[in-house]
Amino acid sequence: MQKNIEIGKKLYYLKKPKLWDKGIGAKLPEAYKKFWKEWKTPPSAVHYIEKKGKYERKDETEEVFPVQNIPIPLLKCKEVHTGIWGGENIIQGFQKKGKFKRKVAHFWMPSVMRSVVYSEVLNEYMRVVITFRLVRLIHENYGFDHYLLKTPACDLQSKLALKIKRKILITLANKTLYPDDPEKREEVYSKYQQYLSAYTKEEIEWYGLTLEEAIKKYLRLTATTTVPLKIQYRSELIAKLKENKIKEAEGVDVVSPAETDPSWVTKLNPFSKSSKRD
């Protein structure tokens with residue numbers, strides 16, 4: 001009986017297709033799949049205090065309960081990706097202003113401001129929208145570059161932050177920082193080269209790309225020029241004519257249809273007007 005139940009479960013169980021199972025997603029390189037996994041990993045707790053361990057005990061009742069770290073629902077908005085918010089987001093929930101009043105929808109916004117951040121590797125000042133938490137994280141990591149390179153993609157969240165981190169990694173990997181100052185280049189490179197050990201060159205090339213950008217990059221790399229059948233058949237005809245040592249086919253090259261001079265073809269055609277005149 002138990003065996004029949006297990007067989008029935010297998011028959012009615014439909015495996016949910018994953019992004020990498022079929023289609024162009026299955027053709028993307030492992031380097032991008034590694035970044036995608038890092039990006040889509042659940043982020044660290046920012047808006048709530050994460051409890052450690054598997055069980056907790058209440059002192060009042062001395063009861064033991066399993067620890068449940070349930071993330072607070074956040075509202076996904078495009079403004080998060082145009083700035084760098086340090087992992088913060090808009091909290092979506094309900095608020096009750098009185099004991100006998102209904103709950104109403106409420107949104108808690110992080111305190112944002114427009115400021116300037118400096119990248120030592122890129123030697124650029126960037127004016128972006130940031131939060132006070134990002135300022136604290138930059139100071140804790142002793143610089144904007146250290147913060148980006150230490151923080152995984154799931155905690156950065158912002159697409160802008162990922163683009164800057166990608167540019168920093170590519171600059172370090174190619175060692176193109178400070179092209180006019182070799183001494184400064186060696187000084188800054190030795191300061192940040194430790195972060196390159198976590199990536200291969202291929203992983204850096206695919207790091208920080210969205211799925212749409214990764215697909216476009218893959219199609220661009222694997223694109224092949226399709227030869228029109230007209231040119232293909234013409235080249236085969238010319239090859240056969242040269243094998244038979246036809247005089248008119250000597251010195252004729254295969255070119256595009258727009259640039260093809262049909263004079264030699266008309267000479268070979270006995271029914272053409274030009275051949276009759278000759």
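Taking 4.5 Å as the limit, some side-chain heavy atom of Lys184 sits within range of a side-chain heavy atom of Glu120. Using a 4.5 Å cut-off on side-chain heavy atoms (C-beta onward), Ile70 and Tyr48 make no contact. Residues Tyr192 and His146 form a side-chain contact, since some pair of their non-hydrogen atoms from C-beta on lies under 4.5 Å apart. Ile204 has its side chain within reach of Leu196: a pair of non-hydrogen atoms, C-beta onward, lies under 4.5 Å apart. Under the 4.5 Å side-chain criterion, counting only non-hydrogen atoms from C-beta, Leu137 is in contact with Glu140.
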Full working for side-chain contact (heavy atoms from CB on, under 4.5 Å) between Lys37 and Lys34: CA-CA 5 Å; Lys37 184 179 180 181; Lys34 179 183 177 182; 5.9 Å; no
Check against salt bridge (charged side-chain N to carboxylate O under 4.0 Å, His left out), Glu205 and Lys217: CA-CA 10 Å; Glu205 291 178 358; Lys217 180 180 176 68; 5.1 Å; no
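The structure places CD of Glu186 at 8.5 Å from CG of Leu177, a figure rounded to the nearest 0.5 Å. Atom CG in Leu162 sits 5.0 Å away from atom CZ in Phe35 (nearest 0.5 Å). The CD atom of Gln193 lies 9.0 Å from the CG atom of Leu172; values are rounded to the nearest 0.5 Å. Here Leu122 contributes atom CG and Phe144 contributes atom CZ; the two are 9.0 Å apart, rounded to the nearest 0.5 Å. Taking NZ of Lys27 as the reference point, atom CH2 of Trp20 lies at 14.5 Å (rounded to 0.5 Å).
Hydrophobic clustering (side-chain heavy atoms under 4.5 Å, transitive across Ile, Leu, Val, Met, Phe, Trp, Tyr) keeps Phe107 apart from Ile72. If you chain together hydrophobic residues whose side chains sit under 4.5 Å apart, Met109 and Phe132 never meet in one group. Hydrophobic clustering, with ILVMFWY side chains joined whenever heavy atoms are under 4.5 angstrom apart, groups Tyr207 together with Ile215. By the criterion of side-chain heavy atoms lying less than 4.5 angstrom apart, applied directly or through intervening Ile, Leu, Val, Met, Phe, Trp or Tyr residues, Val128 is grouped together with Tyr125 in one hydrophobic cluster. The same ILVMFWY cluster, assembled from side-chain heavy atoms under 4.5 Å apart, contains both Tyr199 and Leu28.
Applying the 6.0 Å contact sphere to NZ of Lys150 captures more than 12 heavy atoms from other residues, nucleotides or ligands. Residue Leu221 qualifies as enclosed at atom CG: its count of foreign heavy atoms under 6.0 Å is above 12. By the 6.0 Å contact criterion, CD on Glu212 is open, its count of non-hydrogen atoms from other residues, nucleotides or ligands being 12 or less. Residue Glu183 places its CD atom among 12 or fewer non-hydrogen atoms of other residues, nucleotides or ligands, all under 6.0 Å distant.
Considering Arg166, Lys163, Lys159 as possible partners of Glu213, the one that fulfils the salt bridge (charged side-chain N to carboxylate O under 4.0 Å, His left out) test is Lys163. Residue Tyr195 forms a side chain to side chain contact (heavy atoms under 4.5 Å, CB included) with just one option from Val121, Asp145, Leu149, Leu148, and that option is Leu149.
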Solution key, residues 111-118 side-chain donor-acceptor pairs under 3.5 Å, sequence neighbours excluded:
residue : atom : partner : partner atom : Å
Tyr118  : OH   : Asn123  : OD1          : 3.0

Which side-chain N or O atoms in residues 83-102 pair as donor and acceptor under 3.5 Å with protein atoms at least two apart or in another chain?
residue : atom : partner : partner atom : Å
Glu88   : OE2  : Thr131  : OG1          : 3.4
Gln95   : OE1  : His106  : ND1          : 3.3
Lys96   : NZ   : Lys99   : O            : 3.3

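Judged by distance alone, with hydrogens and angles left aside, the side-chain atoms of Lys165 form a donor-acceptor pair with the main-chain N or O of Thr151 at under 3.5 Å. Between the side chain of Ser190 and the main chain of Glu187, a donor-acceptor pair closer than 3.5 Å is present. In this structure, Arg185 contributes its side chain and Pro179 its backbone to a donor-acceptor pair below 3.5 Å.
Residues Tyr189 and Lys175 have side chains that never bring a donor and an acceptor to within less than 3.5 angstrom of each other.
Under the 30°/60° scheme for interplanar angles, the aromatic rings of Tyr32 and Trp36 are found to be tilted.
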